Amino acid sequence: MDTLWDNIEKLSAVCRAVGAHLPDKELKALQVGKVAEEAGEAMHALHGLKGLTNCGDEHTWSEVQNDLIGAVIAALVAMHYIDPTGAHATFDEIFHRRTRRGREAAAAT
């Protein structure tokens with residue numbers, strides 16, 4: 001079974017092939033923009049869920065989650081674009097650092 005990072009590498013290769021006509025720096029920037037796009041879709045779905053859209057869109061929590069996963073995937077692909085050989089290790093390092101307070105709070109209870 002493929003790991004998350006195996007799948008990110010495969011998806012990154014497919015996306016890079018589609019964008020092969022673009023300079024690497026532009027491709028990286030566009031992928032970072034894709035993260036924002038996907039996060040915006042999650043926010044739109046949340047607005048629809050809460051009845052805050054004027055276009056009559058109704059959404060569910062499942063749709064919000066789907067769009068959030070899209071943002072996560074886009075972010076991991078962007079990390080892989082930035083550093084294909086080190087993205088996984090960088091993610092682990094940053095994740096560990098950013099979740100320190102939560103781990104400490106859980107250990108204190």
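Note that the numbering runs from 1 along the sequence shown for the chain. These figures come from a predicted structure and were not determined experimentally.
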- Message: Any non-hydrogen side-chain atom of Cys15 less than 4.5 Å from a side-chain atom of Leu11?
- Response: yes

- Message: Could you measure the distance from the CG atom of Leu4 to the CD1 atom of Ile73? Nearest 0.5 Å is fine.
- Response: 8.0 Å

- Item | ILVMFWY network linking Ile94 to Ile8, side-chain heavy atoms under 4.5 angstrom | no

- Determine the interplanar angle of the Trp5 and His88 rings, folded into 0 to 90°, and report it as parallel if under 30°, tilted if 30 to 60°, perpendicular if over 60°. parallel

- Item | Rounded distance (nearest 0.5 Å) linking atom CD of Glu41 with atom CD of Glu63 | 11.5 Å

- Message: Do Val77 and Val35 land in one hydrophobic cluster if side-chain heavy atoms of ILVMFWY residues count as linked below 4.5 Å?
- Response: no

- Does anything in residues 11-22 pair up under side-chain hydrogen bond (donor to acceptor under 3.5 Å, both in side chains), and if so which pairs, sequence neighbours excluded? Ser12-His80, Arg16-Asp24

- Query: Looking at Arg103, Arg101, Arg97, which one forms a side chain to side chain donor-acceptor pair (under 3.5 Å) with Thr99?
  - Reply: Arg103

- Item | Joint hydrophobic cluster, Leu68 plus Phe95, side-chain heavy atoms closer than 4.5 Å | no

- Sorted by chain and number, sequence neighbours left out, salt bridge (Lys or Arg N to Asp or Glu O under 4.0 Å) with Glu38 holds for Lys34

- Would you confirm whether the ring centroid of His59 sits within less than 6.0 angstrom of the ring centroid of His44? yes

- Message: Tell me whether Val32 shares a hydrophobic cluster with Leu22, the cluster being built from Ile, Leu, Val, Met, Phe, Trp, Tyr side chains joined at under 4.5 Å.
- Response: no

- Query: Can you hop from Trp61 to Met43 via hydrophobic side chains spaced under 4.5 Å?
  - Reply: yes

- About how many Å separate CD of Gln31 and OH of Tyr81, when rounded to the nearest 0.5 Å? 5.0 Å

- Message: With rounding to the nearest 0.5 angstrom, report the CG to CG distance, Leu76 to Asn7.
- Response: 11.0 Å

- Item | Asp6 side-chain N/O to Thr3 backbone N/O, donor-acceptor pair under 3.5 Å | yes

- Check: Leu30 and Glu26 side chains under 4.5 Å, non-hydrogen atoms: yes

- Heavy-atom closest pair (Ala39 atom, Ala71 atom, distance to 0.1 Å) is N-CB, 3.9 Å

